[in-house]
Amino acid sequence: MSGSVPEEFTAIGVHDFDKWLEPKEFTYKPRPPRPYDVDIKIECCGICGSDIHAANGDWGRPYAPVAVGHEIIGEVVRVGDGVEKLRVGDRVGVGAQCDSCGECIRCSNHHENNCKKNVGTYFGLYEDVGLPTQGGYANYFRANEKFMFKIPDSLESKYAASLMCGGITGFRPLMTAGVKKGTRVGVSGIGGIGHMSILFAKALGAEVTAISRNHKKEELAKQLGADHYIATSDEDFEVKNADSLDVIVNTGSSLTGGNLDKVLQLLVPFGQFISITAPPLNEKMTITPMVLLANNVSVSGSAIGSPADIEYMLKVAAEHDIKPWIEEVPISESNVSTAWKRMEDGDVKFRFVLTDYNKCFK
């Protein structure tokens with residue numbers, strides 16, 4: 001079914017990585033539509049920490065101009081003849097992934113987010129047509145319907161946006177660890193993703209400990225619902241809080257300066273440390289092997305979530321009225337620049353959401 005969709009989409013993005021804080025408007029041609037592709041008119045888009053890493057060149061400089069943004073909410077305006085689950089007029093969300101091969105063992109086992117041919121919503125490549133992907137700082141978006149999700153009626157778009165990447169990224173480790181009532185969960189890094197991990201862990205009935213480098217965020221953690229607080233700058237914090245946690249979800253934007261050996265001592269034997277951190281490419285994770293052996297702990301990573309995971313996350317968010325802490329920012333070149341700079345400075349509690357798309361993209 002065809003709707004009114006332009007041949008070229010308009011976006012705001014980085015033209016020069018050395019001047020990434022000077023985003024400019026540009027137009028681009030989306031990939032030719034496939035039978036299972038859906039076009040949406042974007043209503044709002046969250047600003048993720050990944051946007052900063054991509055925009056400033058932390059993750060390489062594959063092409064420019066590039067529009068980032070992978071926490072997209074919009075209205076379906078066109079569906080291909082092979083589309084099965086979505087209809088024109090549906091309100092949907094898109095996260096950090098917009099395609100996968102659909103055929104490998106990972107896709108067949110519902111781990112599409114780990115597909116080796118995973119196509120990112122931005123910084124991705126459609127190999128069949130040789131076109132790069134552009135994200136949600138734009139008026140329209142086109143992608144495989146498998147990676148678009150109907151938003152429950154009870155979730156407002158401005159809150160649902162941040163759930164599409166940050167929310168699922170913070171929620172999936174809780175699924176991996178089987179968090180339930182009484183599970184003792186530590187959330188390390190009280191920021192854009194960490195605050196959502198706290199909200200979800202509390203919704204699942206966990207006893208939650210917020211972990212941060214100092215005491216600056218202690219009151220905020222309490223407001224979010226955390227039961228306990230640990231500052232890793234405190235002397236002997238690992239001794240005083242040993243064996244206090246079953247799982248730690250690590251959400252900080254960087255691993256530099258953290259003492260992972262000490263943090264792992266907070267876990268009970270066979271506890272899990274699950275990291276979602278995607279820092280600059282030159283960062284390394286350092287662990288003393290004897291710490292792993294002596295404590296029988298597991299250290300693992302977690303990347304976004306599969307389509308099935310995202311569907312479940314949205315269901316839990318709707319049932320428990322999960323509302324990320326957000327600040328709305330009307331999208332424009334200057335406002336995007338200001339929001340990015342404020343994120344660099346840590347001046348946000350805890351998530352920006354770009355809105356007023358109709359005013360910007362007339």
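These figures come from a predicted structure and were not determined experimentally. Just so you know, these numbers use all the heavy atoms, side chains as well, and skip hydrogens, waters and symmetry mates. The residues of the chain are indexed from 1 along the displayed sequence.
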Novice: Does the Asp90 side chain pair with the main chain of Val92, one donor and one acceptor, at a distance under 3.5 Å?
Specialist: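 It does not hold such a pair.
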Novice: In terms of ring plane angle, is the pair Trp59 and His53 parallel, tilted or perpendicular, where the classes change at 30° and 60°?
Specialist: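 Parallel, since the angle between the ring planes stays under 30°.
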Novice: Could you tell me whether a side-chain N or O of Ser197 sits under 3.5 Å from a main-chain N or O of Gly170, the two making a donor and an acceptor?
Specialist: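 Yes; at least one donor-acceptor contact below 3.5 Å.
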Novice: Can you confirm whether Phe237 is buried at CZ, in the sense that more than 12 heavy atoms of other residues, nucleotides or ligands lie under 6.0 Å from that atom?
Specialist: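 Check passes, neighbour count above 12.
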Novice: Heavy-atom count check: over 12 atoms from other residues, nucleotides or ligands less than 6.0 Å from Glu319 CD?
Specialist: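 Yes, the 6.0 Å shell around CD holds more than 12 heavy atoms from other groups.
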Novice: One pair to check against salt bridge (Lys or Arg N to Asp or Glu O under 4.0 Å): Lys315 and Glu311. What are the steps and the verdict?
Specialist: CA-CA 6 Å; Lys315 179 175 180 290; Glu311 296 277 10; over 6 Å; no
Novice: Could you check whether any side-chain N or O of Ser162 sits under 3.5 Å from a backbone N or O of Tyr159, counting only pairs where one atom can act as donor and the other as acceptor?
Specialist: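 Judged by distance alone, no pair lies under 3.5 Å.
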Novice: Do the side-chain N and O atoms of Glu22 and His15 include a donor-acceptor pair separated by under 3.5 angstrom?
Specialist: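 Glu22 vs His15: no donor-acceptor pair found between side chains.
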Novice: For Asp309 and Ser306, indicate whether the former's side chain and the latter's backbone hold a donor-acceptor pair under 3.5 Å.
Specialist: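 Checked: pair present.
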Novice: Below 30° counts as parallel, above 60° as perpendicular, anything between as tilted: where do the rings of Phe171 and Phe200 land?
Specialist: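 It falls in the tilted class, 30° to 60°.
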Novice: I need the single residue from Asp243, Asp227, Asp246 that forms a salt bridge (Lys or Arg N to Asp or Glu O under 4.0 Å) with Arg184. Which is it?
Specialist: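 Between Arg184 and the candidates, salt bridge (Lys or Arg N to Asp or Glu O under 4.0 Å) is satisfied uniquely by Asp246.
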Novice: Quick one: sort the His195 and Phe350 rings into parallel, tilted or perpendicular, breaks at 30° and 60°.
Specialist: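 Ring orientation of His195 relative to Phe350: parallel.
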Novice: Heavy-atom count around His110 NE2 within 6.0 Å, excluding the residue itself: above 12?
Specialist: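 No, because the 6.0 Å sphere around NE2 of His110 holds 12 heavy atoms or fewer from other groups.
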Novice: So does Gly120 get a backbone contact from the side chain of Thr133, meaning a donor-acceptor N/O pair under 3.5 Å?
Specialist: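 Pair found, side chain donor or acceptor close to backbone of Gly120.
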Novice: Is it true that, when you exclude Lys29 itself, more than 12 heavy atoms of the residues, nucleotides or ligands shown sit nearer than 6.0 Å to its NZ?
Specialist: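 Atom NZ in Lys29 is not crowded, with 12 or fewer foreign heavy atoms closer than 6.0 Å.
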Novice: Keeping Arg61 on the side-chain end and Asp58 on the backbone end, is there a donor-acceptor pair under 3.5 Å?
Specialist: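 Pair absent, no side-chain N/O of Arg61 close to backbone of Asp58.
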Novice: Backbone N or O of Ile105 within a donor-acceptor pair of the Asn109 side chain at under 3.5 Å?
Specialist: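 A pair under 3.5 Å: yes.
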Novice: Where do Arg342 and Glu327 land on the salt bridge (Lys or Arg N to Asp or Glu O under 4.0 Å) test, with the steps shown first?
Specialist: CA-CA 12 Å; Arg342 286 181 58 191; Glu327 180 179 332; 2.8 Å; yes
Novice: For Asp153, does the CG atom sit with more than 12 other heavy atoms under 6.0 Å from it, leaving out its own atoms?
Specialist: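 No, not enclosed.
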Novice: Check the pair Glu328 / Lys158 against salt bridge (Lys or Arg N to Asp or Glu O under 4.0 Å), numbers first and verdict last.
Specialist: CA-CA 8 Å; Glu328 296 179 61; Lys158 62 183 181 180; 3.3 Å; yes
Novice: So, Gln134 side chain and Pro65 main chain: donor-acceptor pair closer than 3.5 Å or not?
Specialist: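 Yes: the side chain of Gln134 pairs with the backbone of Pro65.
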Novice: Tell me if a side-chain donor or acceptor on Asp51 pairs with a main-chain N or O of Cys48 at a distance below 3.5 Å.
Specialist: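 A pair under 3.5 Å: yes.
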Novice: So for atom NZ, which belongs to Lys150, do other residues, nucleotides or ligands contribute more than 12 heavy atoms lying within a distance under 6.0 Å?
Specialist: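 No, not enclosed.
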Novice: By the definition side-chain hydrogen bond (donor to acceptor under 3.5 Å, both in side chains), identify the one residue from Arg34, Arg31, Lys146, Lys117 that meets it with Asp99.
Specialist: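 Checked Arg34, Arg31, Lys146, Lys117 against Asp99; only one passes side-chain hydrogen bond (donor to acceptor under 3.5 Å, both in side chains): Arg34.
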